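Here is the structure we will look at.
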Amino acid sequence: MLFAVRGALETLLQGELTSRGWSSLVRVEVPPRRDLGDLAWAGALALAKSLGQPPRGLAQELAQSLEAKLQQASGPLALLVPKVRVEGPGFLNFHLRRSAVISRALAEGLHAQEERPTKIIVEHTNINPNKAAHIGHLRNAVLGDVLARCLRFLGYPVEVQNYIDDTGVQVADVVVGFLFLPEPQLVEAARTVWPGVASRREVLQEFARRYREGELVNQALGEADFDDLCWQLYPQVTRWYEDEPQASAKKASVLHALEGGAPLGKSLDEAVAALVSGRGEAHDVARLGAAVAEANLRCHLLTMGRLGITYDVLPHESDILQRGFWQRAFALLQESGCIRKEAAGKNAGCWVMSLADSPEFAGMADADKILVRSNGTVTYTGKDIAYQLWKLGLLRDADGTCHDFGYVPFARFRQENPAAPVLYGEGPRILYRTSPDPSQKPAGASFGQGGKVYNVIDVRQSYPQKVVKEAVRALGYPQAAENSIHFAYEMVALTPKAVHQLEAQMGTSFGLSPEEEKKPFVEMSGRRGLGVKADELLATLVAEAQAAIRERLPQGEHPTDLPSRARDIAVGALRYQMVRQGKNRILAFDFAEALAFEGDTGPYLQYSAVRAKKIFEKLKQAGLAGTPQEDAKALTDTALPDDLWELAFACLRTPEVVEKAVASLEFSLLAGHARDLAQTFHNLYHRYPVLHAASDHERVLRRGVFRLFLLTITTILEQLLGIPVPQEM
RNA sequence: GCGCCGAUAGCUCAAUUGGAUAGAGCAUCUGACUACGGAUCAGAAGGUUCGGGGUUCGAGUCCCUGUCGGCGCGCCA
């Protein structure tokens, strides 16, 4: 609704200017303080210079003529008070008809939803399936999830992809651990999760059994899972590499086996039987690798599901290999002539793409990017180009059809409301994974071909992301290149203090160097086992939230829904922390800050929503709840005090804030907006009782504005930020 | 060396992308009614927006330059 008023006002202003032969940028803005007005135009200031006249005079002239027009206006402009003020150095300030605007909003809802045709793909999470997720992955997933939610709010069809690198060295490292790490070390790592195992054979058989029985993942938060076992194992393997001369050969052979793919017919039990008897072959190793990746993936899905994060499809690297995505992309790149094979020089024998023509890469010493190595294998960036082309619907076969995956259901799930935990196992929704057989196309399983693609990856991947974008451009798709967007954000790191707290808690040492001790933060590292695991942090948060609820409980009360309340608060605190600050700022993780529930935190926002809900519950009990229609009617011909209007107006700006947040990929704007709303509400809450208002008139005014607030804050929290609003706190 | 990012209150961060008096939280101090929940609210104190030039009606924001810190720039993934 505000959009409409602003648009109409801009058109009106434009008309006024052109009729006088003037030209100036016509952008209507919102003044910083409400007492200045609701909308403002600063164009007279710029105009004054080009015309050589004082800005206030110009503004005055325009104001008079605008007032005349507004008096007879209809449509959106009729929502403006036909009185235009000139203030400051020459701002034109406008006021809205307050009650009319609010009653319209109560009747129509937050924003009139317009369907937008462009399909948008958001790729996020993308955790290597070889160990538990840590808080760095959480920032990625939460930002990606909030982006997807905001895009849906704006009316776009959105597809969320979670890319699974199931054939890379990271998975290979863990497989090496299972097969070749000296037995005592393997057993030690495995026992942290499976206390009974005593040998390599038992570890592998236990894995196969649990895989078969579906016991690798615990629904209960806080129980150790398979990904926790890998978290222990992985650093052991990397340490072993350092002083084992044969390690790199083992690693290479496992990697090669993984790339060969797992046979369809063979079970993990059979593969493990072959491996423990020493008769294992490459495809048995591949089968084991696939199972390791799948088990970790299921753990990750559960971790993210606890935060209300869902996906539509899981593209697997193994399927990209099997389906020959790279071969197809390679052919397209050759046809377009944007890659060449080097005959001599340091890149002799490699296929390279030249970046020298792109301004983005100007000044680079070596502006060539190798896509195919001299041994004929493709680089990661090469595969990424192929994948990106598929996402954009540009990976075409010779006959012009899209080169595509097959798809098979991976899991069923349900989610009770937009911010509820995701329950895997059964439910109406299906999460698909890719398959190497393109004939597998279940009804409703159609993916890729996005008009716009957001890749959520941290800022350190900027260079390869630019190369991928450049390849799309070089293939002759400048528009698609523009629509390939790298959503870059800074990493999550640990303060040395946080590292020491971890050490104390786990009884180990990460051996920080003296230089690291002096730094403001230390990078997390799966290879060192250095990091805060996502599930562990959430479990700690839930425990703290539970303690906080108990503290506030009246004597003798024992609510049955305590676990779900605690969960909601923990998720709110965690998700808010991830979106609160700008994307370009390193998140230096601090336990005290993460566990805070007061002040600028998720629970503060949740509390404001719970309070607002409580007001309406009490009103209902007293038979005074009313309806939006009644409030709208009552508000129509009344003067609304400034402070109530301030809250209402801020609520109305929400769609504009979402639009801006998406355009700039700064979701801290949305978080800040929500906090401002909550803060304004809390203040009014103290000053303006609704149930015990002095008069019916006052009650209806407050009730109407608070109703709008409740609607707005609930939408922002549950629908956009994915933060649940508990019944009670 | 080249490129990207950051530097704002004691600490952690905002600031409608060039607008009007630079705002929050934490920490410190003071106060809040038999009222719909005190995870709250009101108030005090805290600032040469890293330094130096420039652009203009107007700069925390843009340009140049310097300092400090972080991260990229593989035939790794």
Side-chain angles (χ1 to χ4, degrees), chain A residues 29-33 36 40 42 44-46 48-49 54-55 87-91 93 128 165 168-170 172 317 346-347 349-352 360-366 369-375 377-381 383-384 458-464 488 490-491 493 519-521 523 545 548-549 551-552 554 569 580-582 584-586 588 590 592-593 596-601 603-604 606-608 610-619 622 653 656-657 660 663-664 666 668-669 671-673 675-676 678-679 682-693 706 728-729:
Chain A
E29 288 163 354
V30 177
R33 297 193 320 275
L36 293 166
L45 295 153
K49 201 204 171 188
E87 269 158 328
F91 290 96
N93 288 339
N128 268 308
D165 184 0
V169 290
Q170 300 235 30
E317 166 143 304
K346 69 181 174 98
N347 294 339
C350 299
W351 282 90
V352 304
E360 298 244 33
F361 297 90
M364 274 188 54
D366 180 6
K369 174 68 193 171
I370 293 167
L371 299 184
V372 180
R373 303 181 187 105
S374 53
N375 67 6
T377 57
V378 60
T379 61
Y380 177 83
T381 307
K383 278 182 275 190
D384 215 13
D458 83 63
V459 69
R460 290 171 293 184
Q461 297 296 321
S462 292
Y463 172 69
E490 264 293 357
M491 62 172 176
K519 286 185 172 184
F521 47 79
E523 199 178 336
I549 295 168
E551 264 174 41
R552 293 165 168 85
I569 291 167
R580 193 182 57 161
Q581 58 188 220
N584 289 334
R585 209 170 270 274
I586 293 170
D590 179 82
E593 207 176 311
F597 296 147
E598 291 172 15
D600 187 10
T601 65
Y604 176 85
Q606 292 171 310
Y607 191 52
S608 74
V610 169
R611 272 183 150 177
K613 257 205 297 201
K614 265 288 169 47
I615 293 176
F616 284 93
E617 275 170 28
K618 296 274 170 170
L619 284 172
R653 296 189 67 191
E656 169 200 341
V657 174
K660 196 170 286 177
S664 61
E666 277 296 4
S668 54
L669 293 175
H673 175 66
R675 193 206 46 236
D676 290 347
Q679 211 160 32
H682 276 310
N683 178 323
L684 294 174
Y685 175 90
H686 278 265
R687 283 157 52 206
Y688 294 147
V690 182
L691 184 59
H692 305 284
F706 287 175
E728 314 240 1
M729 287 182 71

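None of the values given here were measured: they were computed from a predicted structure. Numbers restart at 1 for each chain; the letters A, B, ... are given by sequence-line order, proteins then strands.
As judged by a 4.0 angstrom heavy-atom cut-off over every strand, Pro31(A) is placed among the base-contacting residues. Using a 4.0 Å heavy-atom distance criterion, Leu669(A) is classed as a sugar-phosphate-only contact. Residue Val169(A) is in sugar-phosphate contact alone, with no base atom involved, counting any heavy-atom pair closer than 4.0 Å across all strands shown. Here Asp165(A) lies in heavy-atom contact (under 4.0 Å) with sugar-phosphate atoms only. As judged by a 4.0 angstrom heavy-atom cut-off over every strand, Ala612(A) is placed among residues making no nucleic acid contact. Here Tyr688(A) lies in heavy-atom contact (under 4.0 Å) with a base. Nucleic acid contact for Leu371(A): none, since no nucleic acid atom lies under 4.0 Å from a heavy atom of the residue. Counting any heavy atom pair closer than 4.0 Å across all strands shown, Ser664(A) reaches a base atom. Using a 4.0 Å heavy-atom cutoff across all strands shown, Glu617(A) reaches no nucleic acid atom at all. Residue contacts shown for Asn93(A) include a base, since a base heavy atom lies under 4.0 Å away. Across all strands shown, Leu45(A) has heavy atoms under 4.0 Å from base atoms, whether or not it also approaches the sugar-phosphate. If you check every strand for non-hydrogen atoms under 4.0 Å, Tyr685(A) touches a base. Counting any heavy atom pair closer than 4.0 Å across all strands shown, Gly168(A) reaches sugar-phosphate atoms only and no base atom. Nucleic acid contact class of Gly349(A) (heavy atoms, under 4.0 Å, all strands): none.
Taking atom CZ of residue Phe521(A) and atom C1' of nucleotide C5(B), one finds them 11 Å apart after rounding to whole Å. One interatomic measurement links the two molecules: NE2 of His682(A) to P of A24(B), which rounds to 15 Å at whole-angstrom precision. Residue Arg687(A) contributes atom CZ, which lies 10 Å from atom C1' of C41(B) at whole-angstrom precision. When the C1' atom of C57(B) is taken as reference, atom CZ of Phe91(A) falls 10 Å away, rounded to whole Å. Rounded to whole Å, atom P of C36(B) lies 11 Å from atom NZ of Lys614(A). Computed from coordinates, the Lys613(A) NZ to C36(B) P distance equals 19 Å when rounded to whole Å. The CG atom of Asn584(A) sits 8 Å away from the C1' atom of G6(B) (whole-angstrom rounding). Here A15(B) presents its C1' atom at 12 Å from CZ of Arg653(A), a figure rounded to the nearest Å.
Minimum interatomic distance between Ala678(A) and Tyr604(A) (heavy atoms only, all atoms of both residues): CB-CE2, 3.7 Å. Of all heavy-atom pairs spanning Glu317(A) and Gly168(A), the tightest one is OE2-N, 4.4 Å. Summarising the geometry of Asn93(A) relative to Glu87(A), their closest heavy-atom pair is ND2-OE1, 2.6 Å, with the distance given to 0.1 Å. Asn584(A) and Glu490(A) make their closest contact through O-CG, 3.3 Å (heavy atoms, listed as atom of the first residue, atom of the second, distance). When all heavy atoms of Tyr685(A) and Phe706(A) are compared, the closest pair comes out as N-CZ, 4.4 Å.
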**Item:** Pair assignment for RNA chain B - dot-bracket with | for other-strand partners, Watson-Crick or G-U under 3.5 Å
**Value:** (((((((..((((.....[...)))).(((((.......))))).....(((((..]....))))))))))))....
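Asn683(A) has a side-chain polar atom (N or O) that falls below the 4.0 Å cut-off from OP1 or OP2 of A42(B). Here Tyr607(A) reaches the OP1 or OP2 of A39(B): one of its side-chain N or O atoms lies under 4.0 Å away. Between Arg585(A) and G70(B) there is no side-chain polar atom (N or O) within less than 4.0 angstrom of OP1 or OP2. At G38(B), one or more side-chain N or O atoms of Arg611(A) fall inside 4.0 Å of OP1 or OP2 (strictly under the cut-off). Residue Arg460(A) places none of its side-chain N or O atoms closer than 4.0 Å to OP1 or OP2 of C71(B). Under 4.0 angstrom from either OP1 or OP2 of A77(B) there lies no side-chain N or O belonging to Gln461(A).
No side-chain donor-acceptor contact under 3.5 Å links Asp458(A) to the backbone of Met491(A). Between the side chain of Ser374(A) and the main chain of Cys350(A), no donor-acceptor pair closer than 3.5 Å is present.
Across G18(B) and C62(B), the matching P atoms stand 7 Å from one another, rounded to whole Å. Comparing A9(B) with G53(B), their C1' atoms sit 27 Å apart, to the nearest whole Å. Between A45(B) and C2(B), the distance separating the two C1' atoms is 47 Å to the nearest Å. Atom C1' of C33(B) sits at a distance of 33 Å from the matching atom of U21(B), rounded to the whole Å. Rounded to a whole angstrom, the distance from the P atom of C13(B) to that of U67(B) is 25 Å. Between the C1' atoms of U55(B) and U61(B), the separation comes to 14 Å (whole Å). Atom name P, nucleotides G74(B) and G3(B): the rounded distance is 16 Å, in whole Å. Comparing the C1' positions of G47(B) and G23(B) gives a spacing of 12 Å, expressed to the nearest Å.
In the interface, the side chain of Thr379(A) is not paired with the base of C75(B) through any donor and acceptor atom under 3.5 Å apart. Arg33(A) contributes a side-chain N or O that forms a donor-acceptor pair with the base of U21(B) under 3.5 Å.
For A39(B), the base is not stacked against the aromatic ring of Tyr604(A), per a cut-off of 5.5 Å between centres and 30° between planes.
We find the CG-CZ distance between Asp600(A) and Arg580(A) to be 5.0 Å, quoted to the nearest 0.5 Å. Atom CD1 of residue Ile586(A) and atom CD of residue Gln581(A) lie 10.0 Å apart, to the nearest 0.5 angstrom. For the atom pair NZ (Lys613(A)) and CD (Glu728(A)), the distance works out to 9.0 Å, reported to the nearest 0.5 Å.
Closest to the Gln581(A) side chain, of the nucleotides A14(B), U17(B), G74(B), is A14(B). Here A24(B) is the nucleotide among A24(B), A20(B), C36(B) with the atom lying nearest to any side-chain atom of Gln679(A). Which of C36(B), A20(B), C75(B) sits closest to the side chain of Ile370(A) comes down to C75(B). The side chain of His686(A) lies closest to U40(B) when the candidates are U40(B), U12(B), G70(B). The side chain of Glu29(A) has G19(B) as its nearest neighbour among G19(B), C36(B), A20(B).
Electrostatic pairing of Glu598(A) and Arg552(A) counts as a salt bridge here, judged by a charged N lying under 4.0 Å from a carboxylate O.
Both Thr381(A) and Ile615(A) sit near RNA chain B, but only Ile615(A) has its closest nucleotide nearer the 5' end. Where Pro464(A) and Glu593(A) meet RNA chain B, the nucleotide closest to each residue was compared, and Glu593(A) sits on the side nearer the 5' end.
Between Asp384(A) and Pro464(A), the closest side-chain pair of non-hydrogen atoms is not below 4.5 Å.
In U30(B) the base sits anti relative to the sugar, since the glycosidic angle is further than 90° from 0.
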